[in-house]
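Letters A, B, ... mirror the listed sequences (proteins, then strands); counts begin at 1. It should be emphasised that the depicted structure is a prediction, and the values quoted were computed from it without experimental measurement.
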Number of protein chains: 2
Amino acid sequence: MSANREMDHQEPQEQQDPRSDQDGQEKEQPRRRQARGERRIAQLLEAASDVFTTAGYTAASTNAIARAAGVSPGTLYQFFPNKEAIAIELGDRLMHELREMYGEALAPVDPATPLEEAVNSAVDRFIAFNCAHPAFFSLMHGPDIPGRLAEEHDALHASLLARTEVLLSSLLPDAAPADLARTAHMCLGVYKAGLELVLAHEGAERDAYVQELKHLLVRYLDPLVGDRPGAAGAPRTGR
Amino acid sequence: MSANREMDHQEPQEQQDPRSDQDGQEKEQPRRRQARGERRIAQLLEAASDVFTTAGYTAASTNAIARAAGVSPGTLYQFFPNKEAIAIELGDRLMHELREMYGEALAPVDPATPLEEAVNSAVDRFIAFNCAHPAFFSLMHGPDIPGRLAEEHDALHASLLARTEVLLSSLLPDAAPADLARTAHMCLGVYKAGLELVLAHEGAERDAYVQELKHLLVRYLDPLVGDRPGAAGAPRTGR
DNA sequence: GACAAACGCGAGCGGTCGCTCGCATTCTTG
DNA sequence: CAAGAATGCGAGCGACCGCTCGCGTTTGTC
């Protein structure tokens, strides 16, 4: 039972960013990149995406990433200060792309929209994104993600949660906030579970799982909004 | 895209089990254990359970496990041939306990049982087990579990899947096998997602999530069995 | 009490990994 | 075309990790 609190490992070093002069510019390095460099960065991120997806963050070695990109480890470290930065840059790019997309995926809380339609639209968009960028899932849901990425994921998750809550609260105005939050958590958890199943299959079977996930969410939420005007139509289509 | 297929790491060594004489006895070692030894083993497994739960399999170091148990690394390796064996022994013990329990959790497919009751009973049992043994979840669902444990988990998962399918097929006799399998997969996936949420909370909030998980499963399955005799009463309680 | 087996220790071996460094090559700029 | 910056390389450093080995201690047996 002795809860031993002090582990023995520490990070190799805590690099200090020598160019942090104290004028407000904490921005990017004044490093001049040539076109070749940008290409290398894209190459490396592409390779990192593959390696992270198949091996997970921790198990992915920087040497493997460099090799997958066809360069030497030294070259990799010309463009990224450390392994974490690779994951962060990759995560940032994917996160940016995602935010552009989901801004219009959950935002329209048009109260007249049928529940089924809203669910279908949101699920379709997110599934499409996650299928197109499988690295996103492993980077966000891996057990070993570095702190910075975990923060980003938490922020994204909180944001999704808030949006879902707003959407739900417009569907069921008379619900305790705690219940609302729980329901939103359940929705996201269910989506994640469905996503795993979707990603594990391909072709027609994958589509069938997408359908099943939509059904699941609709059936979960439908009884809650059963007495709303426009929604909850199609009373139990035998399917 | 160059799919690089050959990684560079290999296991430290592939220990050959020197006492594998060729008479059919591949059983356990003839090692005589003293009471002290059994106590140490229990201690080590307990410590390993903690470390695995908090750090995951790969990140857990054998030195950390030994330290958590208050012994030296050498002592640990007196009782376990390698790190994997620790996880396997722990997994085996938990698996055995689980099988004893879930034999009576999914087996009774009494077709007269209301759906809600069947779901409640199954969920309660599994939630109770997973809450009592949080190491089980991290060992089974970790991304880095060693091969032997993965096989055990696959076997368990397949077994649960089969049982669920049987249970479902008794509820909806006229369903295509593929749909049945998909529905069973969804049920297990949903349970796993709910379990994560349950484990992430405590006290009253945890109970609320358990309730929510039950609701979710019932609402998912209820429309499918809507035209059965005894079950699926309360046609959509507006609530 | 004598002897052997089981138990216990912890420095350290071989290995991988993240990352660095010295040096060569290619590009840009004047 | 020269100078210097950006790019590229790969051996290798330091740290950690799984695991071993030699040796000392405890326990069971006769």
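Distances from the side chain of B:S61 to the nucleotides D:dG8, C:dC19, D:dG18 place D:dG18 closest.
The shortest distance between the side-chain N/O atoms of A:T75 and the OP1/OP2 oxygens of D:dT7 is not below 4.0 Å. Look at A:T62 and you won't find any side-chain N or O under 4.0 angstrom from OP1 or OP2 of C:dC17. For A:R40, a side-chain nitrogen or oxygen approaches OP1 or OP2 of D:dG8 to under 4.0 Å.
Atom-to-atom, CD of B:E38 to P of D:dT27 comes out at 16 Å; the value is rounded to the nearest Å. Note: CD1 (B:I65) to C1' (D:dC19) measures 13 Å, nearest angstrom. For the pair B:R67 CZ and D:dC16 C1', the interatomic distance rounds to 12 Å; values are reported in whole Å. Here the P atom of nucleotide C:dC17 and the CG atom of B:D144 are 15 Å apart, to the nearest Å. Across the protein-nucleic acid pair, B:K83 atom NZ and D:dT20 atom P stand 14 Å apart, rounded to whole Å. Taking atom CD1 on A:I86 and atom C1' on C:dG18, their separation rounds to 10 Å, with Å as the unit. Counting to the nearest Å, the P atom of C:dC7 and the CG atom of B:L44 are 12 Å from each other. Summarising the geometry, the separation between CG on A:N63 and P on D:dG10 is reported as 12 Å, rounded to the nearest angstrom.
Scanning for salt bridge (Lys or Arg N to Asp or Glu O under 4.0 Å) contacts around B:E84 gives an empty result, with sequence neighbours left out. Residues forming a salt bridge (Lys or Arg N to Asp or Glu O under 4.0 Å) with B:E38 (at least two apart in sequence, or on another chain): none. B:F129 meets the side-chain contact (heavy atoms from CB on, under 4.5 Å) test with B:L94, B:E97, B:L98, B:M101, B:H133, B:F136; sequence neighbours excluded. A search for salt bridge (Lys or Arg N to Asp or Glu O under 4.0 Å) contacts involving A:D124 returns A:K214, not counting sequence neighbours. Take B:Y57 and apply the ring-ring contact (aromatic ring centres under 6.0 Å, His included) test, not counting sequence neighbours, and it matches B:F52. With sequence neighbours left out, the ring-ring contact (aromatic ring centres under 6.0 Å, His included) criterion links B:F137 to B:H141.
In terms of position on DNA chain D, the residue among B:Y77 and A:Q78 whose nearest nucleotide sits closer to the 5' end is A:Q78.
In this structure, B:P73 and B:N63 approach most closely via the heavy-atom pair CB-OD1, 3.7 Å. The shortest non-hydrogen separation linking A:I65 to A:A47 is O-CB, 3.7 Å.
Residue contacts for B:A66: at a heavy-atom cut-off of 4.0 Å it reaches no nucleic acid atom on any strand shown. Using a 4.0 Å heavy-atom distance criterion, A:A85 is classed as making no nucleic acid contact.
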- Contact string for nucleotides 25-30 of chain C, one letter per nucleotide 5' to 3', B = base within protein heavy-atom range under 4.0 Å, S = sugar-phosphate only, - = neither, reads --SSS-
Using atom names, set out every protein N or O paired with an N or O of nucleotides 21-24 of chain D below 3.5 Å, distance rounded to 0.1 Å.
none

Show me, pair by pair, the donor-acceptor contacts under 3.5 angstrom made by side chains of residues 142-152 of chain B, not counting sequence neighbours?
{"from": "B:D144", "atom 1": "OD2", "to": "B:T58", "atom 2": "N", "distance (Å)": "3.3"}
{"from": "B:D144", "atom 1": "OD2", "to": "B:T58", "atom 2": "OG1", "distance (Å)": "2.7"}
{"from": "B:R148", "atom 1": "NH1", "to": "B:E152", "atom 2": "OE2", "distance (Å)": "2.1"}

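A salt bridge is absent between B:E196 and B:K192; no separation between the charged side-chain nitrogens and carboxylate oxygens falls under 4.0 Å.
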